[in-house]
Amino acid sequence: MKLNVVTHNPGKVKEYQAEFAEFNVEMGHVNREYDEVQTSYLEEVVDKGMKQLYKEGLRDFMVDDSGLFINALKGFPGVYSAFGQKTIGNKGILKLMEGVEDRSAMFKCCIGCMIGEERIVVTGICPGFILYEEKGDGGFGYDPIFSPDGELSFAEIPLDQKNSISHRGIATRMLIDELKNRKLI
Ligand code: IMP
């Protein structure tokens with residue numbers, strides 16, 4: 001079976017390919033735009049994107065949307081995480097968090113998948129904390145300021161360890177389980 005990943009990021013296709021390899025699923029890469037609706041929910045962005053792509057004739061595909069939700073900032077940057085990273089960056093987030101005691105946050109990843117007429121939407125969550133300073137040189141995006149246990153940042157732990165607990169890793173395994181339940185893989 002071939003599953004097309006709709007994304008601008010070829011790195012994501014590689015990550016999914018690694019997870020799906022043992023199920024004989026070949027990942028295709030579709031570098032194509034879809035509207036990202038203005039909403040506070042990743043699920044709504046994914047749902048609307050799937051409907052649009054299906055309507056435009058795309059079949060057997062998956063889309064995903066992730067973000068960092070900081071409790072003390074009422075969920076910001078959330079669905080605006082890519083924008084937040086491009087504009088204020090990690091330093092800006094740390095500034096907003098100066099003097100804030102509640103450091104709790106979570107990464108969320110929502111994946112939507114359409115195979116034929118079958119529609120699957122899953123959300124993986126990784127709870128953790130915003131650190132007081134950037135730590136580590138691995139990873140990307142908010143990794144240096146996010147820690148699952150309040151100590152080591154995501155940028156300080158090996159990728160396979162990150163994947164075993166990350167929002168994207170969890171969502172991917174949820175998707176694989178659901179595809180297996182429905183006998184699609
Ligand atoms: P996307 O929807 O997966 O492209 O993620 C949106 C934005 O959230 C990215 O531009 C990153 O800034 C941030 N993000 C998502 N996942 C991660 C992660 O695992 N580590 C760090 N930042 C992330």
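Ligands are counted one by one from 1 in listed order, and the atoms in each one are counted from 1 as well. Treat the numbers as computed from the prediction; the structure is a model and nothing was measured. The analysis underlying the following values was restricted to heavy atoms, covering all of them including side chains, and did not include hydrogens, waters or symmetry mates. We count residues from 1, following the sequence as given.
Evaluation of the side-chain hydrogen bond (donor to acceptor under 3.5 Å, both in side chains) rule for K162 yields D143 as partners, not counting sequence neighbours.
Geometrically, K108 engages F69 in a cation-pi contact, judged by NZ or CZ lying under 6.0 Å from the ring centre and within 45° of the ring axis. Annotation: cation-pi pair R103/F146 absent, no NZ/CZ under 6.0 Å from the ring centroid and within 45° of its normal.
Between the S81 side chain and the L68 main chain, a donor and an acceptor come within less than 3.5 Å of each other.
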- Message: Please evaluate residues D35 and K48 with respect to the criterion salt bridge (charged side-chain N to carboxylate O under 4.0 Å, His left out), reporting the C-alpha separation (whole Å), side-chain torsions for both, the decisive distance (0.1 Å), and the verdict.
- Response: CA-CA 8 Å; D35 298 334; K48 294 269 163 49; over 6 Å; no
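At a heavy-atom cutoff of 4.0 Å, ligand 1 is surrounded by K12, D65, S66, S81, A82, Q85, F107, F140, G141, Y142, D143, K162, H167, R168.
In this structure, the side chains of H29 and N31 come closer than 4.5 Å at one or more pairs of heavy atoms.
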